[in-house]
Amino acid sequence: MTEPAIRLHNSKTRRKEAFTPIDAENIRLYLCGPTVYDRAHLGNARPVVVIDVLYRLLREVYGPECVTYVRNFTDVDDKINASAQARKEAGAIETLEELIRQRTEETIGWYHADMDALGALRPTHEPRATDFIGAMIAMIEDLIAKGHAYEKEGHVLFRVRSYKDYGALSGRSVDDMIAGARVEVAPFKEDPMDFVLWKPSDADLPGWESPWGRGRPGWHIECSAMSYELLGASFDIHAGGIDLQFPHHENEIAQSCCAHPEGGFANVWLHNEMLQVEGKKMSKSLGNFFTVRDLLDQGIPGEVIRFVFLQTHYGKPMDWTAEKARQAEVTLRKWYRIAEQGLDGVSEPYIAVISALSDDLNTAEAIAQCHQLAHADDISTLRATLQFLGLMGRSVPEWASAPEADLSGLATKLAALRTTAMETKDFAPVDAMKTALLAAGVEVRMSKAGVELLPGAGFDAAKLEGL
RNA sequence: GGCGGGUUGGCGGAGAGGUUACGCAGCGGAUUGCAAAUCCGUGAAGACCGGUUCGAUUCCGGUACCCGCCUCCA
């Protein structure tokens, strides 16, 4: 009862609600993970960072051993197939399956590296869809047996009309959507809204044997099967981008609730809003499409990217701009300079930050509270809080730590120059040296007490030659 | 066409029916040979039109504009 109550905005009820775990000893969280065909773009990173904050908060409040976090890898997908086929046509000697495996392995490695750089903790489980084909087939068979799905021309389809609450999550009705007439009309569908659980694969595509012939699963079934296997028929929180609300999450609910009517599937649905870039949607056609790796390669540290994400509440559209990244770096450097002092003090994360996050992950308020800590010069609490927020590890990140350099000799020389200048009234030599130091990325602090030289952001020891 | 989100001071971005958000930038001051850094102080807002209220930027309705989804993209 001492910990602050967590409140979350539940997309299912469209309200902010007190979070009550099903089992406080094992809080279960599921996030729809990436399709592993290419580097994660910046938008892919937003839900990961958002849920990482939630994961850290839950671990803090309920205990690190009491949270199970699952994030899947979708490694069966037509884009992956296309990429493997392209390599095959380019002359690769491996089999299609081998090429697919290579591609997904490689992409998962990239994904881990990129998300690690953003300070996101690894989930408890990271299931791959291809390791759960059996569970998916079993679930589909069950759905057919219960009358919620049917086989037609090698496909298995979910019978949307058999689930009365279909559309409840996203506030749509089947009839309205059909009236919108944007649904794919396929001859083998009983109803235009029915969606694919299983589809046939020809020889050029990866496939698994099934009661309906060689084929592969539809997209939605994997999350239903894996969440059931790893978290059970009922779990606490299901998260993802708002663009997944329909149809993906709606279909997950339909499948899971029909297959396991004894469970309620996810209690809380958490959806993050979309990311924009300089005020526009990120898209390849606009030329503003980039990956997390692109930013890291440009020298923008992962902590800076994370900080920019945290400035905006997850439920609002977030705009990525170069200016925000610049300001974030300035702020982080300032905080790090404070946090790295006196590494002796051990402390807990600031309670006001825990409270802020408990209020539907108010990360902007958490940052405001960090400013207060910095202002109050509460070194150990600031450090513990930054670590808690994933903005720093055990120590200050390398990019922000002061480069190793002994500038005491130069400081003495500058001090002497100034003393002389005070008498001669000719400050030109002092200013010249100061300018040179600044050009080398050295911060020059001159006070009555003396001269202090600090290697700064763009420090370049080579430029100090001759001083 | 249907469903959903947004619109806050120069910029970014929160909370709260009536009291300073916070950060960056600006301005004034302390300090400095001058700066930088630091510290102190300070101006500045709530897309538009109505309604509820003693009082709304905060609640309700409408308008405008922006964005997302409805086409297996987070």
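Just so it is clear: chains get the letters A, B, ... in the order the sequence lines come, proteins before strands, and each one is counted from 1. Being a predicted model, the structure only gives us computed values, none of them experimental.
Note that CG of A:L417 and OG1 of A:T412 are 11.0 Å apart. Values are rounded to the nearest 0.5 Å.
A:N362 comes within 4.0 angstrom of the backbone, heavy atoms only, and of no base. Using a 4.0 Å heavy-atom criterion, one finds that A:L275 contacts the bases of the nucleic acid, with or without backbone contacts as well. Contacts of A:K425 with the nucleic acid, taken as non-hydrogen atoms under 4.0 Å apart, are absent. A:H371 comes within 4.0 angstrom of sugar-phosphate atoms only, judged by non-hydrogen atoms across all strands, and of no base. Counting any heavy atom pair closer than 4.0 Å across all strands shown, A:Q372 reaches sugar-phosphate atoms only and no base atom. No contact: A:V330 has no heavy atom under 4.0 Å from any strand. Looking at heavy-atom distances under 4.0 Å, A:R14 makes contact with sugar-phosphate atoms alone, never a base. Within 4.0 Å of A:F246, counting heavy atoms only, lie sugar-phosphate atoms of the nucleic acid but no base atom. A:H249 comes within 4.0 angstrom of nothing in the nucleic acid, heavy atoms only. Residue-level contact check: A:E365 touches the bases, meaning some heavy atom is under 4.0 Å from a base atom.
A:T363 places a side-chain N or O within donor-acceptor distance of the main-chain N or O of A:L310, the cut-off being under 3.5 Å. Remark: the backbone N or O of A:D38 is not paired with any side-chain donor or acceptor of A:K79 at under 3.5 angstrom.
Taking atom CZ of A:R326 as the reference point, atom C1' of B:rC11 lies 11 Å away to the nearest angstrom. Atom CZ in A:R337 sits roughly 15 Å away from atom P in B:rA36 (whole-Å rounding). In this structure, A:I338 atom CD1 and B:rU38 atom C1' are separated by 11 Å, rounded to whole Å. B:rA21 atom C1' lies 14 Å from atom NE2 of A:H375, rounded to whole Å. A:M446 has its CE atom 16 Å from the C1' atom of B:rU38, to the nearest Å. For the pair A:Q327 CD and B:rG10 C1', the interatomic distance rounds to 12 Å; values are reported in whole Å. For A:I51 and B:rA74, the CD1 to C1' distance is 11 Å, given to the nearest whole Å. Distance, A:K12 NZ to B:rC3 C1': 19 Å, rounded to whole Å.
Centroid-to-centroid, the aromatic rings of A:F73 and A:Y111 come within less than 6.0 Å.
Between A:R128 and A:D75 there is a salt bridge, since a side-chain N of the basic residue sits under 4.0 Å from a carboxylate O of the acidic one.
Of the residues near RNA chain B, A:M282 and A:R445, the one whose nearest nucleotide (by heavy atom distance) lies more toward the 5' end is A:R445.
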